[in-house]
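Only this structure's heavy atoms are used, side chains among them; waters, hydrogens and symmetry mates stay out.
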Amino acid sequence: RPGVSIWKFSVERWQFTLVVFALLIALGAYAFNAIPRQEDPSFPIPGTSVIVVFPGADPADVERLAVRPIEDAIAELDDVNDIRSTAEDGLGVIRVEFDWSSDPEKKYDEVVREVNALRGSLPAEIREVILRKTNPALVNIVQYALVGDTVDPRELRRVAEDLEEAIETVPGIRRADRWAFPEPEVRVALDLPRMAALGIDLATAIAAVEGEGASVPGGAVEVGPRRYNVKTTGDYESLDEVADTVVASRPAGVVRLRDIADVRWATEETLYLGRYNGRRAAFVTANMKEGENIFDVQAALDRRIERFERDLPEDMELVLGFEQARNVSERLRRLGIDFLIAIGLVSLTLLPLGLRAAGIVMVA
């Protein structure tokens with residue numbers, strides 16, 4: 001009403017004013033405890049990266065056969081601000097940035113649609129086309145190292161996969177990845193003189209292995225009112241199954257792969273090595289979902305890792321290499337100190353007004 005002052009009302013109805021201040025303090029305390037805590041801010045960025053894996057191609061071929069066609073397709077989209085590309089040996093990266101007024105999710109879907117439509121016209125030798133959103137929240141909050149100098153590579157891979165699966169099921173974790181170990185593979189060393197003596201060429205041996213290792217749906221069989229799906233047996237399950245693959249038939253009997261080749265476990269070409277404090281290691285990293293509290297997620301991770309370590313092989317050690325929660329805790333500690341310093345400086349400024357007046361202002 002005219003003539004009514006909010007200041008006068010607050011003083012005359014001091015009980016109401018105290019209740020309002022108590023509610024504001026409670027709201028502030030709740031917000032301080034409930035607000036998500038993480039090191040990097042989470043906000044949508046209208047940008048996408050397209051990564052083309054093109055083994056064996058030099059930078060000129062990567063640019064001509066992969067990068068330029070993708071650039072031309074993306075450039076036709078609306079609201080494109082900038083496109084930057086790099087071409088290296090066997091790798092091409094296209095980074096596209098849209099206008100900040102556009103919807104990041106919608107623009108990402110448009111890039112996916114354009115790249116998928118173009119995929120059939122790209123060279124068949126391209127192994128993989130990866131699309132990634134530009135999001136500062138997709139940073140790893142933790143890194144674990146599986147250390148073992150004498151561990152078999154296949155065992156190291158198995159344990160790393162188990163750790164990855166264990167971490168991905170922790171509430172608040174978006175994704176986990178494993179790094180720094182060569183993938184195991186079956187190495188088949190053919191005995192060419194032996195093959196020549198048996199009249200078996202290289203294409204026949206390769207076709208036999210590929211055919212036995214393929215799992216192809218076999219259609220369906222209808223028996224009366226029932227319908228049964230038929231699936232061919234494929235996918236080798238052991239090294240002996242690979243060695244027992246029938247390559248050809250001769251009057252003396254069938255020729256198996258073990259008769260013309262040395263079949264053994266090996267690892268793929270080592271492109272990089274993982275070391276932790278100078279010791280051989282494989283790494284498992286994880287990032288967090290948006291809107292989560294990093295301290296709650298890290299506490300759940302610690303409990304899961306504690307259970308995982310109980311079944312760890314004796315010749316392997318699990319070490320925590322990086323933990324973002326420590327950085328966040330240190331920054332919040334410094335923020336609290338700065339806040340107390342600010343309150344102290346304001347209190348010194350207001351003390352000449354008297355303790356009561358200074359206290360009221362400080363509470364406000």
Side-chain angles (χ1 to χ4, degrees), residues 31-32 34-54 62-63 65-88 90-122 126-143 164 167-179 284-298 300-301 322-325 327-328 331-332 335:
F32 182 78
I35 189 172
R37 289 168 169 82
Q38 59 188 55
E39 187 173 31
D40 301 289
S42 177
F43 54 90
I45 298 177
T48 304
S49 296
V50 182
I51 304 170
V52 181
V53 181
F54 197 166
V62 171
E63 180 181 6
L65 300 175
V67 172
R68 284 186 181 177
I70 295 177
E71 281 182 340
D72 294 340
I74 294 177
E76 297 177 1
L77 298 176
D78 297 330
D79 302 324
V80 176
N81 274 353
D82 186 35
I83 298 178
R84 297 185 181 183
S85 304
T86 58
E88 304 175 6
L91 182 68
V93 180
I94 302 98
R95 298 179 179 88
V96 54
E97 179 183 328
F98 297 94
D99 188 86
W100 281 83
S101 61
S102 58
D103 184 358
E105 294 296 330
K106 180 181 178 181
K107 291 303 176 183
Y108 175 77
D109 292 339
E110 290 179 359
V111 173
V112 172
R113 184 180 66 247
E114 292 297 329
V115 173
N116 288 340
L118 189 66
R119 188 67 176 91
S121 62
L122 295 177
I126 292 179
R127 178 179 297 177
E128 192 173 11
V129 178
I130 305 171
L131 290 95
R132 292 180 178 174
K133 298 180 182 178
T134 304
N135 191 337
L138 298 177
V139 297
N140 293 322
I141 66 168
V142 69
Q143 181 191 58
E164 178 188 25
I167 291 177
E168 281 186 331
T169 58
V170 173
I173 292 296
R174 181 201 306 271
R175 178 179 176 179
D177 294 289
R178 58 187 189 275
W179 311 89
V284 178
T285 58
N287 53 55
M288 185 176 66
K289 296 179 181 178
E290 296 184 25
E292 297 287 342
N293 189 319
I294 191 171
F295 299 116
D296 296 338
V297 175
Q298 186 61 50
L301 265 174
F322 166 74
E323 181 183 351
Q324 191 188 92
N327 297 344
V328 177
R331 294 188 180 189
L332 289 177
L335 176 65

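The CG atom of Leu301 lies 11.5 Å from the CG atom of Asp296; values are rounded to the nearest 0.5 Å. Distance check, rounded to the nearest 0.5 Å: CZ of Arg132 to OH of Tyr108 gives 10.5 Å. Summarising the geometry, atom CG belonging to Asn81 is positioned 8.0 Å from atom OG belonging to Ser102; distances are rounded to the nearest 0.5 Å. Distance CD/Gln298 to CD1/Ile173: 8.0 Å, rounded to 0.5 Å. Distance CG/Asn287 to CD1/Ile167: 11.0 Å, rounded to 0.5 Å. To the nearest 0.5 Å, atom CG of residue Asp177 and atom CD of residue Gln143 are 11.5 Å apart.
Side-chain contact between Arg174 and Glu290 is present, with at least one heavy-atom pair separated by less than 4.5 Å. Counting heavy atoms from C-beta on, the side chains of Leu118 and Pro69 come closer than 4.5 Å. Side-chain contact between Ile141 and Val297 is present, with at least one heavy-atom pair separated by less than 4.5 Å. Looking only at side-chain heavy atoms (C-beta outward), Val52 and Val67 stay at 4.5 Å or farther from each other. Here the side chains of Phe54 and Val129 are not in contact, with every heavy-atom distance at 4.5 Å or above. Between Trp179 and Thr285 the shortest side-chain heavy-atom distance falls below 4.5 Å. Proximity of Asp82 to Val96: side-chain heavy atoms (C-beta onward) are nowhere separated by under 4.5 Å.
Qualifying salt bridge (Lys or Arg N to Asp or Glu O under 4.0 Å) partners for Lys107, counting only residues two or more places apart in sequence or in other chains: Asp79, Glu110. Contacts of Glu88 classified as side chain to side chain donor-acceptor pair (under 3.5 Å), with partners at least two apart in sequence or in another chain: none.
The residues Arg175 and Glu168 are annotated as not salt-bridged, no charged nitrogen and carboxylate oxygen being separated by less than 4.0 angstrom. Classification of Glu105 and Lys133 as a salt-bridged pair holds, one side-chain N sitting under 4.0 Å from a carboxylate O.
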Before giving the answer on side chain to side chain contact (heavy atoms under 4.5 Å, CB included), spell out for Ile130 and Val50 the whole-Å C-alpha distance, their side-chain angles and the decisive distance to 0.1 Å. CA-CA 6 Å; Ile130 305 171; Val50 182; over 6 Å; no

Worked verdict on Leu65 versus Leu122 for side chain to side chain contact (heavy atoms under 4.5 Å, CB included): CA-CA 7 Å; Leu65 300 175; Leu122 295 177; over 6 Å; no

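Counted within 6.0 Å of CZ on Arg119, heavy atoms from surrounding residues, nucleotides or ligands total more than 12; the atom is thus considered enclosed.
When every heavy atom of Ala73 is checked against every heavy atom of Glu114, the shortest pair comes out as O-OE1, 4.0 Å. Nearest heavy atom pair, residue Val62 against residue Leu91, reads CG1-O, 3.6 Å. Taking both residues in full, the closest heavy atoms of Met288 and Gly172 are given as CG-O, 3.4 Å, listed atom of the first, atom of the second, then distance. Considering all non-hydrogen atoms of both residues, Leu77 and Val80 come closest at O-CG2, 3.4 Å. A pairwise comparison of heavy atoms in Ile294 and Ala325 identifies CD1-N, 3.7 Å as the closest pair. For the residue pair Ile126 and Ala66, the shortest heavy atom distance occurs at CD1-CB, 4.0 Å.
For the pair Arg37 (side chain) and Ile35 (backbone), a donor-acceptor distance under 3.5 Å is present. Here the side chain of Ser85 pairs no donor or acceptor atom with the backbone of Ile94 at under 3.5 angstrom. Between the side chain of Asn293 and the backbone N or O of Phe295 there is at least one donor-acceptor pair closer than 3.5 Å.
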